[in-house]
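In what follows, every chain begins at residue 1, and chains take the letters A, B, ... in the order their sequences are listed.
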Amino acid sequence: MIEKTISNIVAEAFNAIYSANLKPKDVLIQKTRKDFQGDYTINVFPFLKISREKPEITAGKIGEYLINKLPELKDYNVIKGFLNIVVSDQYWITFLNDHIADQMFGRRQASGENPTVIEYSSPNTNKPMHLGHIRNNLLGSSIAEILKAAGHDVVRVNLINDRGIHISKSMLAWQKWFIGITPSSENLKGDKLVGDCYVKFNEELKSQAEDLMRSGVEKGEAEKNAPLMLEAQEMLSKWENNDPGVRELWTKMNAWVYEGFEKTYKRLGVDFDKVYYESDTYLLGKSIVEEGLKQGILIEKEDGSVWADLSEEGLDEKLLLRADGTSVYMTQDLGTAQLRHDDYHPDKLLYVVGNEQNYHFDVLKIVLKRLGRKWAEDIVHVSYGMVELPHGKMKSREGTVVDADELMDEMYHSAEAMARELGKAADLNDNEASELFETISLGALKYFILRVDPKKNMLFNPEESIDFNGNTGPFIQYTYARIQSLLKKAEDNKMQANIDAFSGEIFPKEKEILKILYAFPATVREAAAELSPAIIANYSYELAREYNQFYQEINILRETDTEKAAFRLGLSLFTAKVIESGMKLLGIAVPQRM
RNA sequence: GGUCGCGUAGCUCAGCUGGAUAGAGCAACAGCCUUCUAAGCUGUCGGUCGCAGGUUCGAAUCCUGCCGCGAUCACCA
């Protein structure tokens with residue numbers, strides 16, 4: 001990388017001219033701002049202590065040294081303490097020539113080290129997935145792709161929360177009010193049916209609690225002691241005691257849910273290498289807790305409940321086993337972490353989970369560490385922000401939850417309506433058209449969500465998310481499709497991309513694109529280090545935007561100088577490849593035409 | 001109340017490992033299709049980077065305090 005070379009030589013220059021002791025990493029190199037001449041800029045202000053000269057003089061000497069040392073540099077200029085360096089056009093042209101056929105551009109070979117295990121999605125089986133799960137799924141699968149591209153071995157895992165009090169609620173509701181009803185009898189996705197059961201339970205519970213409150217019981221107590229709640233708890237106990245009837249119903253209803261989830265995952269393009277079920281792991285969690293109890297690391301209270309006292313770490317006490325011996329969320333997570341460690345001995349254990357659970361993961365790491373698991377250090381909570389709606393948070397009680405399947409349907413219809421309005425689908429057959437609408441609508445949705453820094457809360461405005469202009473997925477897809485059309489025409493005209501033959505001046509816009517392309521590998525590495533698909537999204541947008549400007553102002557196929565035309569064709573081809581790679585890292589497909 | 005996070009243009013977001021005049025998109029307005037896809041391009045308008053201090057040659061960026069918003073502190077997950 002030329003940035004690195006320049007840093008090296010700048011350090012060398014200071015050491016030679018001023019007898020300093022600079023290391024290359026002390027030299028910060030940045031891109032030159034658009035309104036100045038040059039490609040890279042070094043600010044010499046920090047080094048004036050060393051040179052004891054005016055900034056202009058220091059910068060001039062360093063610039064001179066660089067130019068003499070590095071033939072790929074053409075020129076330099078100095079403005080105040082800023083040394084702007086101009087790289088020769090030939091350097092960029094050679095870069096393009098070297099990589100135009102490079103299928104691995106921006107990707108590293110897998111390292112062969114221990115894998116990174118990344119968990120995402122982690123749905124509960126009591127209701128369908130919603131917008132929040134979409135952000136989770138998209139982040140998780142994109143981060144997995146980015147890590148792979150950066151040379152990590154990655155194992156993508158899902159942890160399905162298939163047991164617990166919430167599942168019991170849906171089961172109980174089915175027994176009481178949905179008996180005999182199945183997904184096929186209702187022609188309903190299984191996860192939706194089970195979700196309906198869950199909603200029904202909560203409605204009935206609420207009315208029971210209200211009855212109790214009318215007879216003078218306090219609100220919290222009313223909900224706890226309502227007959228339905230007691231029944232649900234009893235059901236959970238029966239489940240843990242392997243009651244055959246309860247287990248049978250549980251298996252049946254979960255199977256419905258998995259079938260429904262599978263459809264949603266498939267449409268979203270989300271996939272896993274391994275699926276864990278909490279029903280398989282919670283016992284391991286329990287045994288870890290018992291082990292900790294024996295070692296005196298955990299405490300048992302009079303009622304039999306087990307706790308971790310984390311007051312030393314500035315946290316509270318945390319429940320690990322209920323008084324009735326059933327396990328809670330944390331218990332299960334201890335077990336799954338252990339299991340995952342045993343299965344893969346991972347380098348890093350990533351958990352893509354919302355930031356509302358920051359505390360949970362702090363506790364998880366501390367408890368594991370206390371229990372002597374050194375690898376607790378390798379647990380990374382990829383904490384992402386909440387998705388908010390224009391009217392505030394999603395609340396199931398207020399019916400403002402955005403259902404994942406419905407959202408994808410709506411996006412599809414918008415894409416179709418827009419395409420038909422613009423006459424884009426006129427000569428496509430039904431299959432081609434629906435494939436295109438699907439590609440575009442999912443591109444819009446995924447890009448809309450992934451372009452935001454994962455750590456931040458984001459606002460999901462349904463109207464803006466189906467916008468296909470400006471900083472959007474479809475804009476980037478369109479740029480790709482445009483280039484494909486160009487390449488097709490070139491082929492028809494017997495024109496070929498060829499960089500070898502070209503040597504000459506390039507336009508600023510061409511150079512700008514080449515510099516962005518050049519930065520792709522470093523961008524992938526940065527995105528991997530930051531665990532941030534947003535970095536790839538913003539990069540891809542910038543590339544597409546610059547390309548569209550180039551396309552608009554400079555002739556490609558119409559260029560009469562065949563060498564120039566061949567070069568521009570090559571530049572276009574490579575831009576399309578990098579756009580495709582970038583979009584792939586986001587899980588977004590690109591259409592051949594649109 | 002304790003802890004953690006966030007606050008950049010009317011709106012949605014970049015920029016944040018300190019550096020030149022803080023960038024995009026949307027919205028609004030004005031232009032560009034006889035020529036490679038107008039889901040595009042060009043221009044105009046729009047900012048006390050929440051407020052106040054501090055560190056520094058230099059702060060949207062680092063530190064402290066305050067204000068505002070959010071999350072969390074469950075025998076929920």
Side-chain angles (χ1 to χ4, degrees), chain A residues 28 30 32-36 41 43 45-46 48-49 55 79-82 84 122 124 126 161 164-166 220 224 233 278 301 303-307 314-324 326-330 332-333 354-360 362-363 383 385-386 388 390 393 415 418-419 421-422 424 440 444 448 451-453 455-461 463-465 467-472 474-479 481-490 493 534-535 537-538 541-542 544-545 548-559 565 568-569 572 593-594:
Chain A
L28 199 75
Q30 49 198 317
T32 303
R33 292 180 58 115
K34 283 231 170 82
D35 6 88
F36 296 92
T41 294
N43 188 332
F45 272 113
L48 295 183
K49 293 191 278 302
I79 298 167
K80 295 191 281 183
F82 296 96
N84 300 318
S122 320
N124 294 347
N126 62 324
N161 186 0
I165 189 73
H166 46 288
K224 250 190 231 169
Q233 264 152 8
E278 286 191 347
K301 294 207 170 169
D303 62 2
S305 58
V306 179
W307 298 73
L315 306 173
D316 300 322
E317 291 189 335
K318 188 78 189 174
L319 177 83
L320 296 178
L321 277 183
R322 292 192 186 97
D324 65 3
T326 56
S327 60
V328 292
Y329 182 41
M330 184 63 72
Q332 300 168 161
D333 253 12
N355 62 13
E356 57 197 350
Q357 293 189 33
N358 286 353
Y359 180 73
H360 172 80
D362 288 345
V363 173
S383 166
M386 297 291 98
E388 278 153 27
K393 281 199 69 177
M418 181 62 77
E421 192 184 316
L422 294 171
K424 297 278 185 181
I440 293 171
F448 188 86
R451 61 177 262 249
V452 181
D453 182 344
K455 292 193 291 289
K456 293 190 177 172
N457 287 356
M458 65 171 290
L459 187 100
F460 186 87
N461 186 329
E463 279 157 36
E464 281 175 25
S465 71
D467 199 340
F468 301 147
N469 302 315
N471 189 354
T472 64
F475 170 86
I476 299 170
Q477 291 172 319
Y478 175 72
T479 309
R482 237 183 179 182
I483 297 174
Q484 296 315 303
S485 158
L486 196 67
L487 295 172
K488 176 90 175 30
K489 277 223 164 87
N493 296 338
I535 291 171
N538 285 308
Y541 171 65
E542 198 192 341
R545 202 186 61 200
N548 269 309
Q549 290 166 8
F550 158 76
Y551 179 93
Q552 208 85 22
E553 78 181 47
I554 296 170
N555 289 336
I556 303 167
L557 300 180
R558 289 185 299 239
E559 171 60 56
R568 287 176 196 158
L569 215 45
S572 301
R593 46 166 294 182
M594 70 184 270

Any salt bridge linking A:Arg33 with A:Asp35? Criterion: basic side-chain nitrogen under 4.0 Å from a carboxylate oxygen. yes
A:Lys301 meets the salt bridge (Lys or Arg N to Asp or Glu O under 4.0 Å) criterion, sequence neighbours left out, with A:Glu317
Protein and nucleotides 71-73 of chain B: nitrogen or oxygen contacts under 3.5 angstrom:
residue	atom	partner	partner atom	Å
B:rC73	O2'	A:Asp316	OD2	2.2

Applying a 4.0 Å non-hydrogen cut-off, can you work out what A:Ala490 is touching in the nucleic acid: base, sugar-phosphate, or nothing? nothing
Base, sugar-phosphate, or nothing: which does A:Ala481 touch, judged by heavy atoms less than 4.0 Å apart? base
Spell out, as yes or no, whether a donor-acceptor pair under 3.5 Å connects the side chain of A:Arg322 to the backbone of A:Val328. no
Touch check for A:Lys424, heavy atoms < 4.0 angstrom, all strands: base, sugar-phosphate only, or nothing? base
Does a side-chain N or O from A:Arg322 land closer than 4.0 Å to OP1 or OP2 of B:rC76, or not? yes
Specify the glycosidic conformation (syn or anti) of B:rC29, with syn defined as within 90° of 0. anti
Please work out if A:Asn461 contacts a base, only the sugar-phosphate, or nothing of the nucleic acid, heavy-atom cut-off 4.0 Å. nothing
Base, sugar-phosphate alone, or nothing: which one does A:Ile554 contact when heavy atoms must sit under 4.0 Å apart? base
Counting just side-chain N and O atoms, does A:Gln549 come under 4.0 Å of either OP1 or OP2 of B:rU42? yes
Length of the CD1-P vector between A:Ile440 and B:rA39, whole Å: 11 Å
Reckon A:Leu459 touches a base, only the sugar-phosphate, or nothing at all at heavy-atom distances under 4.0 Å? sugar-phosphate
Residue set satisfying salt bridge (Lys or Arg N to Asp or Glu O under 4.0 Å) with A:Asp453, at least two apart, ordered chain then number -> A:Lys455
With sequence neighbours left out, the residues meeting side chain to side chain contact (heavy atoms under 4.5 Å, CB included) with A:Asp316 are A:Tyr359
Extract the stems that RNA chain B is part of, considering only consecutive pairing runs of at least three Watson-Crick or G-U wobble pairs, both distances under 3.5 Å. B:1-7 with B:67-73, B:10-13 with B:23-26, B:28-32 with B:40-44, B:50-54 with B:62-66
Distance check needed: B:rU35 C1' versus A:Ile556 CD1, whole Å only. 13 Å
Footprint string (nucleotides 19-26 of chain B, 5' to 3'): B base within contact, S backbone only, - free, heavy atoms under 4.0 Å: BB--SSSS
